[in-house]
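Because the structure is a prediction, the values reported are computed rather than measured.
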Amino acid sequence: MCTAITYYTKDHYFGRNLDLEFSYNETVTVTPKYYPFHFRNGKVLNHHYAMIGMAYIVDDFPLYYDATNEKGLSMAGLNFPDNADYKEVKEGYDNIAPFEFIPWILGQCASVSEARILLEQINLVNLNFSEELPLSPLHWMISDQRDSIVVESTKDGLKVFENPVGVLTNNPTFDYQMFNLNNYMHLSKEPPANTFAAELELEQYSRGMGAIGLPGDLSSASRFVKAAFTKMNSVSGDSESESISQFFHILGSVEQQRGCVHLGEDKYEITIYSSCCNMDKGIYYYTTYENNQITAVDMYKENLDGNTIISYPLMKEQQINYRNY
Ligand SMILES: C[C@H](CCC(=O)NCCS(=O)(=O)O)[C@H]1CC[C@H]2[C@@H]3CC[C@@H]4C[C@H](O)CC[C@]4(C)[C@H]3C[C@H](O)[C@]12C
């Protein structure tokens, strides 16, 4: 499972937790403007927006999990098991495989409203990358500096939801996640008043009691509520340091600690990495399960007029700042 969020201060930020029990060899990947994207439907994008994000590179193709382009448009794929339904190739549509979806949108669109136009033409097809990399059931959050939408291809067809919360987790479908927030409208960052029974002398014995009932488990429906509450009530300064610190704390509220979600045998879900991309500056920050220090890659330090993919392996070991050695 995963959680993606946006967060806006002076600048705009987009990122996610990637939760899983294993990892491919994903790297922070910059695709410059002249890298030719060959799509399975025969189209080629020889010139497109550059992008930075987390990708697993196979046969010189960047399989992006999440990315941000030069305009700040950002997109992340999150697991959507049993609900995702990809279609047969359809005449008259842009037939795009799920693994091509991020390059297709981020390569060509500068904003969510431009993405909406391409989405009207899109048919997500059931085409895998290779025998070894089968189709993954995904849904996507697409965000810019103002808006967020969620795209889900299910048995009912392709749906695009407005996402006023700027949060996405996994199952069930997005309309449920939004409706479910109604159940929590009584939660508050303020101390509670006694509305339980006037004759009882109930007491506020601790800070934080206004949000008693906020889910704390790691299911996707619960993470959606927890992340939404944390993000919507978030307060931080607007400097780069304050903004990204706050961002990682919001993601931290729904991170997976090894041991709490058992997947059989000796397998456990963990938050493999957490990312935070400054959409305006093209800087991709991340931490990993065993490296709490933030590492960053700045897209604009690369030659974006090039045609070959640039890839930075993840720093996965703790960088401890020993003070008396
Ligand atoms: C597994 C991840 C979602 C995390 C998650 O939610 N895990 C909980 C599982 S559960 O919900 O608890 O069951 C997703 C998110 C993005 C995905 C890649 C997208 C590109 C590419 C697409 C190809 O088709 C297959 C290989 C490919 C590299 C994909 C592998 C994998 O699928 C990735 C990493």
Side-chain angles (χ1 to χ4, degrees), residues 1-5 14-29 53-58 63-67 76-84 98-99 128-129 132-141 167-174 176-177 180 211 213-231 244-245 247-277 284-295 312-320:
M1 300 175 215
C2 306
T3 308
I5 62 166
F14 179 95
R16 61 104 54 85
N17 285 341
L18 184 107
D19 306 336
L20 209 60
E21 73 281 15
F22 67 96
S23 103
Y24 296 98
N25 194 15
E26 60 272 354
T27 60
V28 178
T29 303
M54 195 66 83
Y56 174 37
I57 302 172
V58 187
L63 294 165
Y64 276 109
Y65 307 1
D66 52 85
L78 288 83
N79 236 38
F80 194 42
D82 305 323
N83 278 311
F99 65 85
N128 62 12
F129 183 80
E132 299 75 45
L133 292 177
L135 277 172
S136 25
L138 301 173
H139 59 173
W140 293 265
M141 179 156 94
V167 172
L168 184 63
T169 60
N170 310 98
N171 279 342
T173 52
F174 190 72
Y176 171 92
Q177 306 284 17
N180 188 35
L214 182 63
D217 69 277
L218 294 168
S219 68
S220 47
S222 293
R223 280 183 287 108
F224 187 84
V225 178
K226 179 88 193 279
F229 181 84
T230 310
K231 177 201 151 158
I244 65 174
S245 300
F247 192 101
F248 282 111
H249 284 301
I250 300 168
L251 284 182
S253 74
V254 287
E255 75 174 3
Q256 311 256 0
Q257 301 85 4
R258 188 185 293 111
C260 296
V261 178
H262 191 201
L263 304 171
E265 292 167 14
D266 55 353
K267 292 210 278 286
Y268 293 93
E269 184 114 327
I270 61 168
T271 297
I272 300 217
Y273 72 82
S274 302
S275 68
C276 168
C277 188
Y284 191 94
Y285 303 91
Y286 70 87
T287 61
T288 71
Y289 195 74
E290 280 180 25
N291 182 7
N292 299 71
Q293 178 174 316
I294 296 168
T295 308
Y312 287 91
L314 298 193
M315 311 263 300
K316 289 188 177 166
E317 263 111 66
Q318 292 292 2
Q319 316 289 309
I320 298 174

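For the pair P81/N171, a side-chain contact is recorded, criterion being any heavy-atom separation below 4.5 Å from C-beta on. Side-chain contact between L218 and E269: absent, with no pair of heavy atoms (C-beta onward) separated by less than 4.5 Å. Within the 4.5 Å cutoff, side-chain heavy atoms of N291 are placed close to those of Q319. In this structure the side chain of Q177 reaches within 4.5 angstrom of the side chain of P172, judged on heavy atoms. Contact check for T271 versus L18: no side-chain heavy atoms found under the 4.5 Å cut-off. With a 4.5 Å cut-off on side-chain heavy atoms, F14 and M141 count as touching. Side chains of L133 and N128 form no contact here, defined as non-hydrogen atoms less than 4.5 Å apart. Using a 4.5 Å cut-off on side-chain heavy atoms (C-beta onward), V167 and K231 make contact.
Applying the ring pair (Phe, Tyr, Trp, His ring centres under 6.0 Å) test to H249 and every residue at least two apart in sequence or in another chain returns nothing. Listed by chain and number, the residues in a ring pair (Phe, Tyr, Trp, His ring centres under 6.0 Å) with Y24 are F22, Y56 (sequence neighbours excluded). Qualifying side chain to side chain contact (heavy atoms under 4.5 Å, CB included) partners for F229, counting only residues two or more places apart in sequence or in other chains: L187, A211, L214, N233. Legend: residues meeting ring pair (Phe, Tyr, Trp, His ring centres under 6.0 Å) with F174, ordered by chain and number and at least two apart, are F161, F224. Here S222 pairs with P215, D217, S219 under the side chain to side chain contact (heavy atoms under 4.5 Å, CB included) rule; sequence neighbours left out. With sequence neighbours excluded, the residues forming a side chain to side chain contact (heavy atoms under 4.5 Å, CB included) with S23 are E26, I272, K316, listed by chain and number. Residues forming a side chain to side chain contact (heavy atoms under 4.5 Å, CB included) with T173 (at least two apart in sequence, or on another chain): F80, N83, E152, D175, Y176. N292 meets the side chain to side chain donor-acceptor pair (under 3.5 Å) test with Q318; sequence neighbours excluded. For the ring pair (Phe, Tyr, Trp, His ring centres under 6.0 Å) test, no residue two or more places apart in sequence or in another chain qualifies with Y65. In terms of the side chain to side chain donor-acceptor pair (under 3.5 Å) criterion, residue partners of Y312 (sequence neighbours excluded) are, by chain and number, E302. Y285 pairs by the side chain to side chain donor-acceptor pair (under 3.5 Å) definition with E240, not counting sequence neighbours. Not counting sequence neighbours, T287 has no partner by the side chain to side chain donor-acceptor pair (under 3.5 Å) test.
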Q: Begin with the C-alpha distance, continue with both residues' side-chain angles, and end with the deciding distance and a verdict on side chain to side chain contact (heavy atoms under 4.5 Å, CB included) for V261 and Y268.
A: CA-CA 6 Å; V261 178; Y268 293 93; over 6 Å; no
Q: Take V58 and L63, measure what side chain to side chain contact (heavy atoms under 4.5 Å, CB included) needs, and give me the verdict at the end.
A: CA-CA 7 Å; V58 187; L63 294 165; 3.6 Å; yes
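Counting all heavy atoms, side chain and backbone alike, L135 lies closest to P98 at CD2-CG, 3.7 Å. Here the shortest heavy-atom pairing between G15 and F247 reads N-CZ, 3.1 Å. Closest approach of S253 to T230, counting heavy atoms only: OG-OG1, 3.6 Å.
In this structure, SG on C277 lies 13.5 Å from OH on Y286, to the nearest 0.5 angstrom. Interatomic distance, R16 CZ to L78 CG, rounded to the nearest 0.5 Å: 4.5 Å. A distance of 12.0 Å separates CD1 in I244 from OG in S275, rounded to the nearest 0.5 Å.
In this structure, the side chain of T169 engages the main chain of S220 through a donor-acceptor pair within 3.5 Å. In this structure a side-chain-to-backbone donor-acceptor pair under 3.5 Å is present from N170 to N79.
Judged by distance alone, the side chains of R223 and T3 do bring a donor and an acceptor atom under 3.5 Å apart. Side chains of S274 and N17: a donor on one and an acceptor on the other come within 3.5 Å. No side-chain N or O of Y289 forms a donor-acceptor pair with one of D19 less than 3.5 Å apart.
Of the residues listed (D66, T288, T295), the one engaging Y273 in a side-chain hydrogen bond (donor to acceptor under 3.5 Å, both in side chains) is D66, and it is the only one.
Within a 6.0 Å radius of CD in E317, no more than 12 heavy atoms belonging to other residues, nucleotides or ligands are found.
In summary, the aromatic rings of F99 and F129 are positioned with their centroids under 6.0 Å apart.
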